[in-house]
Amino acid sequence: MKGKVEPNGGIGQPEDSLIQGGPFYEIQRVTRLIHPDRWDFLRRISFAIAVGWIPLLLITLLSKPEAVMSFLRDYRIHSRMLIAVPVLLLGQRSMESGFRTVVEHIRNAGLLADADLVREDTLMVGLRRLRDSVLPESIILLLVVAHTVLSFSMLVDATPWLATATATGLRLTPGGWYAALISASIFQFLFFLSLWKWLLWSIFAFKLSRMPLNLVPIHSDQHGGLGFLGLMANGFAPISFAATTVIGATWRHEILHHNAHLVNFKLPALALVVIIAVLALLPSVFFIPPLSALRRKGILEYSTLGQIQTTEFDEKWIAHREGRESQVLTAMESSTVIDFSTMYDRVKQLGPLPVDRNTLIPLALSVVIPILPTIFAEIPVAVVIKDLFDALRSF
């Protein structure tokens, strides 16, 4: 792979990317929202806000000026358009950078033989074809439309700037119509598009896990040489952050305006954490079978070698030690046995899931940070901060 993410924010060649391509990307390129040699985050984020948030303010000012403060206080729309959407756009770079790093490391570390590198290239060709296909993004667009039609009533409530309660239901304001049809759709499309790109990476990880990898059971990363894959879990953090921000904003609104309590969202919060963990760790889970097999094989092989080595040591320094007891601790064989024991312990400590606790911290923060405004809606800030610091000290 010859394309690289440049330090100044530039991006590599599209043919080396799972992110830099597809109909939506091409539309941005043609309209000059994005250039092939850089991400243009400021321009794209500004455009998204100009389309999804500023019109809401202007429409409310013109059609229902008395509801402007209601709009400005509505954290739900701000969390969606001013936080979640920019995070999803910025997240494209972290996902892209992580993927390129993984592919380059696979080659640099010699994890694949030359013949299997050809298979990897073929795999990338197929994934790029999927990336550029019109069908997946068309399905995403249809899902967004279907979600809007089927869940229309759930997108609005009797908030002054959104809708007015009538005897027959809710009558949407012009701002409410725009929020439901345009603003919500922008977030949903970018969210599902990010999930699609993550699926492409997951497919790559699945196919890679089925290839004969040159793994070593005593590798210092305690994952046979695949410890670097844990870094990719952080590529899901922007998606997690965006989803938790939007969901948390809805829960916050329920607490502040509809007498809900945090305990009412205990099960949904648990489900959210489980779903995020499953999706983020899924690419790493694919490597559990080869790493488990590597550990079993390593234990057997190193146990056999250990048996030979310790038998020789026992024969020389235990069974026939007479007159040489004082030399046993300084003998070269003693050091060799000790060193081998360290290697054998490393084989036993080999983790089948190439993810470490430290690599999961950004993913955990992507859930904790955006949910804090929801918690603050019911629990004083000082109490939350104290409990958070106590939890961090015990982590």
Side-chain angles (χ1 to χ4, degrees), residues 1-5 10-41 44 47-48 51 85 87-104 106 116-150 182 184-211 232 235-236 238-239 242-243 275 278-280 282-283 285-286:
M1 302 296 169
K2 59 184 177 181
K4 295 182 179 179
V5 179
I11 49 182
Q13 297 301 316
E15 61 268 19
D16 299 332
S17 171
L18 293 182
I19 309 299
Q20 192 184 355
F24 181 64
Y25 174 85
E26 287 302 314
I27 291 174
Q28 294 177 87
R29 188 183 61 80
V30 170
T31 56
R32 296 184 179 276
L33 279 175
I34 192 171
H35 293 81
D37 58 341
R38 60 181 183 271
W39 286 104
D40 291 310
F41 286 125
R44 296 161 69 205
F47 181 79
V51 174
V85 166
V87 166
L88 287 173
L89 291 173
L90 290 169
Q92 293 175 354
R93 180 180 180 180
S94 64
M95 197 184 301
E96 173 86 332
S97 176
F99 175 75
R100 289 184 184 277
T101 299
V102 165
V103 173
E104 289 177 7
I106 289 171
D116 295 310
L117 286 174
V118 175
R119 291 176 58 193
E120 183 202 37
D121 288 338
T122 302
L123 171 60
M124 283 300 301
V125 170
L127 290 176
R128 288 196 298 270
R129 191 177 297 117
L130 273 175
R131 177 201 69 185
D132 295 334
S133 174
V134 175
L135 181 60
E137 294 187 21
S138 298
I139 292 175
I140 291 173
L141 191 58
L142 288 175
L143 285 174
V144 171
V145 172
H147 182 270
T148 301
V149 172
L150 297 176
I182 305 299
S185 297
I186 292 174
F187 164 75
Q188 291 168 13
F189 181 81
L190 289 175
F191 178 74
F192 286 126
L193 183 65
S194 296
L195 287 178
W196 163 239
K197 302 296 187 179
W198 185 255
L199 177 60
L200 289 176
W201 155 244
S202 300
I203 294 172
F204 176 85
F206 175 77
K207 297 289 188 180
L208 179 66
S209 70
R210 267 47 184 178
M211 295 182 186
M232 267 308 297
F236 194 80
I239 303 175
I275 291 172
V278 169
L279 291 176
L282 182 61
V285 168
F286 294 141

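Below, all heavy atoms of this structure are taken into account, side chains as well, without hydrogens, waters or symmetry copies. Just so we're clear, the structure is a prediction, and the values are computed from it rather than from any experiment.
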Atom CG in Leu195, atom CG in Leu190: separation rounded to 0.5 Å?
11.0 Å
Quick one: are Gln188 and Thr148 in side-chain contact, heavy atoms under 4.5 Å?
yes
If you define the side chain from C-beta out and look only at heavy atoms, does anything of Glu96 sit under 4.5 Å from Trp39?
yes
Using modelled atom types and a 3.5 Å cut-off, is there a donor and acceptor pairing between side-chain atoms of Trp201 and backbone atoms of Met95?
no
Please step through side-chain contact (heavy atoms from CB on, under 4.5 Å) for the pair Leu88 and Phe187, ending with a clear verdict.
CA-CA 9 Å; Leu88 287 173; Phe187 164 75; 4.0 Å; yes
For Ser133 and Pro136, which heavy atoms make the closest approach, and how far apart are they?
OG-CD, 3.3 Å
Side chains of Leu208 and Met211: does their closest heavy-atom pair fall under 4.5 Å?
yes
Is the shortest heavy-atom distance from the side chain of Pro238 to the side chain of Ser194 under 4.5 Å?
no
Look only at the side chain of Ser138 and the backbone of Val134, and say whether a donor-acceptor pair between them is shorter than 3.5 Å.
yes
From Ile19 atom CD1 to Arg93 atom CZ, the distance as rounded to the nearest 0.5 Å:
13.5 Å
Between Ser202 and Trp198 (side chain of the first, backbone of the second, donor and acceptor by atom type, cut-off under 3.5 Å), is there such a pair?
yes
Report yes if the side chains of Lys197 and Gln92 come closer than 4.5 Å at any heavy-atom pair, otherwise no.
no
Tightest non-hydrogen contact, residues Ile106 and Glu120, listed as CG2-OE2, 4.2 Å
I'd like to check Trp196 versus Leu130 (side-chain heavy atoms, cut-off strictly below 4.5 Å). Are they in contact?
yes
Would one find more than 12 heavy atoms of other residues, nucleotides or ligands at under 6.0 Å from atom CZ of Phe192?
yes
Can you tell me how far the CG atom of Leu117 sits from the CG atom of Leu123, to the nearest 0.5 Å?
12.0 Å
When the side chains of residues 26-34 are checked against the rest of the protein, which donor-acceptor pairs come out under 3.5 Å, sequence neighbours left out?
unit_1	atom_1	unit_2	atom_2	d
Glu26	OE1	Arg29	NE	2.9
Glu26	OE1	Arg29	NH2	2.7
Gln28	OE1	Arg44	NE	2.7
Gln28	OE1	Arg44	NH2	3.3
Gln28	NE2	Phe24	O	3.4
Thr31	OG1	Ile27	O	2.7
Thr31	OG1	Gln28	O	3.3

Working to the nearest 0.5 Å, report the span between CZ of Phe47 and CG of Leu89.
11.5 Å
Check Gly21 against Tyr25 and note the closest heavy-atom contact, atom names and distance.
O-CB, 3.3 Å
Enter the distance from Asp132:CG to Gln20:CD here, rounded to the nearest 0.5 Å.
10.5 Å
Decide yes or no for Ser17 and Arg100: does some side-chain heavy atom of the first lie under 4.5 Å from some side-chain heavy atom of the second?
yes
When you compare the side chain of Met124 with that of Phe204, does any pair of heavy atoms fall below 4.5 Å?
yes
